[in-house]
Every structure is written in structure tokens, then in C-alpha cells.
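What's counted below: heavy atoms across the whole structure, side chains too, no hydrogens, waters or symmetry copies. Because the structure is predicted, anything quoted here is derived from the model rather than measured.
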Amino acid sequence: RASSAGFRETAAQGAQALEAYARTFRELPPLSVDHRERLLDQLAAGSQHVLYLLDNEMEVVYDLAFIKWLLEQGHVVTVAAKAEEADNDVTVEDVARLLRRPDVREFLGEGIDRIRVVSSGSITRATDLRRATPEFLQVWQDANLVLVKGEGNRGTLKTPAGLTKD
């Protein structure tokens, strides 16, 4: 079972250990609603611009494994985080600090140049598109695929007129 302590211990061992750790997430348990095949089909259709809304601070280390895979497939990834601390959600500053770490840079490899970090504009749990930054709204519009994580986002993410995604 994955844990924050397990990730930190593995990260301390270097990039090869992180890659081995990332491979352990390939086998997933059955889901009650499963759109993995649809997602993988869309991602296999060629290079996509993926907007990835991050959630909790400690979860972002697990997100790196999936982001690395997206980069390896040739996708461009924009990660969105909170503008300021909100509960335990990751902030833009947290992500920027993480992406500057030499071990994380080594883990992500050359694809790191295809990661962009933007603020969602949110300063509370979840994401309210009515309060989003212009930069975030533009990325939302331009993205081929939006991946949203987190219970707060599931319950509160609303799409005002003109901001729809399938």
C-alpha cells in the first residue's frame, strides 16, 4: 500500500528507485465507475494538452508518477494548484518548489520542460471557476483533456456557460 513515508524513503534512494515505485501503480483495483479505457484511448490519439488539477499536498508526489507517464507519451501537462494555502491542498509555490528538486527533475527527465504550473485562483477547498485566474481559464479552454482530482472538486466544480468539457 502506498504511503507518504514510503514515497519519501524511496525518493531518498534516487531516480531509479522512484521509477520502480511508479511502476507499482500500474495495477489498479476494480472501480464502480471505470472510464480508464476511454481516457487511455483519448491519450493514445496523439499529443494532447492535459490540464491536471492537483489536490492534497502529499498526494502530489503520487501524481508525479502519472505525470511522468503523460510526458513519456508526448503530452504537454499544465498542473493547476491553489493560489494560497487552503486546508491541505497543494499551492503553486509547493509545486514550483517540488519541481526544482534535483531528484524530482531527474525522475521526470527531459519531459519536465513540458510541464507548466498555473494558479487556479482558488484560496479555498475545491475549485470555483467563477473566481479562476484568466490564465487558468485560458488553459481550461485550450486543454484537450482536463483531469480533476479531489473530493472537494468533485462536489463543487461547476462550469459556467462557455466553460464546458466532456
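L51 places none of its side-chain heavy atoms less than 4.5 Å from the side chain of V77. The shortest side-chain heavy-atom distance between L99 and V104 falls under the 4.5 Å cut-off. L54 is listed as a side-chain neighbour of V95, based on a closest heavy-atom distance under 4.5 Å. Under the 4.5 Å side-chain criterion, counting only non-hydrogen atoms from C-beta, L64 is in contact with L98. Side chains of R114 and V76 form a contact here, defined as non-hydrogen atoms less than 4.5 Å apart. Under the 4.5 Å side-chain criterion, counting only non-hydrogen atoms from C-beta, V79 is not in contact with V118. With contacts defined as side-chain heavy-atom distances shorter than 4.5 Å, the pair L147/L39 qualifies.
A cation-pi geometry, defined here as NZ or CZ lying under 6.0 Å from the six-membered ring centre and within 45° of its normal, holds between K68 and F107.
Side chain of T133 to main chain of S119: a donor-acceptor pair is present (N/O by atom type, distance under 3.5 Å, no hydrogens or angles). Using a distance-only test at 3.5 Å, with no hydrogens or angles considered, a donor-acceptor pair links the side chain of D94 to the main chain of T91.
Shown here for I112 and L71, the closest heavy-atom pair between the two residues is N-CD1, 4.2 Å. Between T127 and S122, the shortest heavy-atom distance links the atoms CA-OG, 3.5 Å. When all heavy atoms are compared, the tightest approach of F136 to S120 is CD1-CA, 3.7 Å.
Residues satisfying the salt bridge (charged side-chain N to carboxylate O under 4.0 Å, His left out) criterion with E93, sequence neighbours excluded, are R97. Applying the salt bridge (charged side-chain N to carboxylate O under 4.0 Å, His left out) rule to D89 yields the partners K82; only residues at least two apart in sequence or on another chain are considered.
A side-chain hydrogen bond (donor to acceptor under 3.5 Å, both in side chains) with K149 is found for exactly one of N56, D63, D55, namely D63. Partner H49 forms a side-chain hydrogen bond (donor to acceptor under 3.5 Å, both in side chains) with one of N144, T78, D142 and no other, that one being T78.
The line from CH2 of W69 to NE2 of H75 is 5.5 Å long, rounded to the nearest 0.5 Å. For the atom pair OH (Y52) and CG (L70), the distance works out to 7.5 Å, reported to the nearest 0.5 Å.
Note on E135 versus R116: salt bridge recorded, some NZ/NE/NH1/NH2 to OD/OE distance being below 4.0 Å.
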